[in-house]
There are 2 protein chains.
Amino acid sequence: MSKTQTAKTKLLDAALSLIREKGFTATTVDDLCARAGVSKGAFFHYFKSKDELGVAAAQHWSAVTGELFERASFRERTDPLERLLAYIELRRELLRGEIAAFSCVVGTMVQETYGQHPQIRDACAASIFGHADTLVDDIAEAMRQRGVVADWTAESLAAHTQAVLQGAFILAKAKNDVAVAIESVDHLRRYVELLFAPPAQTRSAS
Amino acid sequence: MSKTQTAKTKLLDAALSLIREKGFTATTVDDLCARAGVSKGAFFHYFKSKDELGVAAAQHWSAVTGELFERASFRERTDPLERLLAYIELRRELLRGEIAAFSCVVGTMVQETYGQHPQIRDACAASIFGHADTLVDDIAEAMRQRGVVADWTAESLAAHTQAVLQGAFILAKAKNDVAVAIESVDHLRRYVELLFAPPAQTRSAS
DNA sequence: ACATCCATACCGACTAGTTGGTATGGAAAA
DNA sequence: TTTTCCATACCAACTAGTCGGTATGGATGT
């Protein structure tokens, strides 16, 4: 178990960092082996092909991030709207350091693979929308609690949060500056606040 | 001029479609030549390297889309807020057909190149933020007109619109379905409406 | 009018190096 | 012994980029 899993896990961890740095296509099998510190034989022992590693990397990413958000302190909040806003605040705080340290593996990977590698695309979709699903119950409950009758669904708002984050990563990459991403997350927070603001009430313009 | 420019233009047009389909890295020089119907000699006659074509493709994309939006009918509107909302509506309407037909070349390309090809990254940034700039004056004027005093800037909202669109493209690619992108653009429109809603007034929860 | 010159546009075979993937064999666990 | 795990050596296909060459057409000199 200990050594058995290490080569595979090292390869998957190497995949996460390399895909974030260079993308999936530009990452070669030799790159992966070098960063993981294993041989090519180990690679093809665990993965039948580079594509299969792509699928496994997406699933690995889901597992790693899933655990991160499950253990995060914002989960302790009981009020659903507060928990949603705390989630957004956490996403904002995670925008620290190098872009490759906070950007999304599957968002990057799906752009390159959606038309050529359907299995990788589907694994990326499962990761993104699986994560979005963790927000749906809170959004739905917040809508109920605050009496929000809307022409949008909890699912669509959950997906929208992920769209904003993915787009924020792209803008940060383009500008080579995380500030623009932070501002977009601020807009997202403001949007959620406006959606759930008490009705029939004077609102400030900010 | 007529035949002189065709080989280069055909290569640039081929680049736009191929990058949208497969990404920049996966697109080979031979792919580009085949789709453009020209020889490899022609390619390297016009571009010193594949990277140089990447930069030129981003600039070509800026020119093509710049003209599209400059000529669009929403520009005829005189009210700045209405023009902004009409822009968003146009972006929504453009989400038709295959994903490769509406997704963003530079948004795709910058994900793969931001760390490895700074010149391409900068060309992509110029395209994205140059486009965002075309919205800033309208947003600023709308804020003035409607008396919006905000802790956000016109620039940041303009950038945010692009973040939402880029993120919407990613979600559409992952799900292989444009509906999720349309819903995100709807959230964006709703956000802008809420930001500019008249203050001190009852608002509906939708 | 005609010959010369030369720049631009383009072609396609070629190469040096890289790519994903395979074949084989050995160490260690079961 | 058999299976799992992993290393080394290797390969065929593909990659970006090169190179020698052709075609065209405009400018210039005579």
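Side-chain atoms are counted along with the backbone in the values below, which use heavy atoms only and exclude waters and symmetry mates. Letters A, B, ... mirror the listed sequences (proteins, then strands); counts begin at 1.
- Of the candidates B/R91, B/R83, B/E89, B/R91 is the only one forming a side-chain contact (heavy atoms from CB on, under 4.5 Å) with B/Y87.
- Of the listed nucleotides (D/dT15, D/dA7, D/dC5), D/dA7 has the atom at the smallest distance from the side chain of A/V38.
- As a whole-Å value, the separation of B/F43 CZ from C/dA9 P is 16 Å.
- Counting heavy-atom neighbours within 6.0 Å of A/E98 CD, excluding the residue itself, gives a total of 12 or less.
- If you measure from atom CG of B/L32 to atom P of C/dC11, you get 14 Å, rounded to the nearest angstrom.
- Using a 4.0 Å heavy-atom distance criterion, A/T25 is classed as making no nucleic acid contact.
- Distance A/L11 CG to D/dA7 P: 9 Å, rounded to the nearest Å.
- The listed nucleotides are D/dC6, D/dT15, C/dT19; the one nearest the side chain of A/A42 is D/dC6.
- Along DNA chain C, the nucleotide nearest to A/F44 and the one nearest to A/A26 differ in position, and the one closer to the 5' end is contacted by A/A26.
- Within 3.5 Å, a donor on the side chain of B/K40 pairs with an acceptor on the base of D/dA16, or the reverse.
- Spacing between atom CD of B/E52 and atom P of D/dG17 amounts to 10 Å, rounded to whole angstrom units.
- When heavy atoms are screened at a 4.0 angstrom cut-off, B/K48 is found touching no nucleic acid atom at all.
- Counting heavy-atom neighbours within 6.0 Å of A/E193 CD, excluding the residue itself, gives a total above 12.
- Residue A/H45 has no polar side-chain atom (N or O) positioned under 4.0 Å from OP1 or OP2 of D/dC6.
- A/K50 contributes no side-chain N or O that forms a donor-acceptor pair with the base of C/dG21 under 3.5 Å.
- For the 3.5 Å distance criterion, the side chains of B/H131 and B/S62 fail to qualify, holding no donor opposite an acceptor.
- Under 4.0 Å is where a charged nitrogen must lie from a carboxylate oxygen, and between B/R35 and B/E21 at least one such pair does.
- When the C1' atom of C/dT19 is taken as reference, atom CZ of A/F24 falls 13 Å away, rounded to whole Å.
- Atom P of nucleotide D/dC5 and atom NZ of A/K8 are separated by 9 Å, given to the nearest angstrom.
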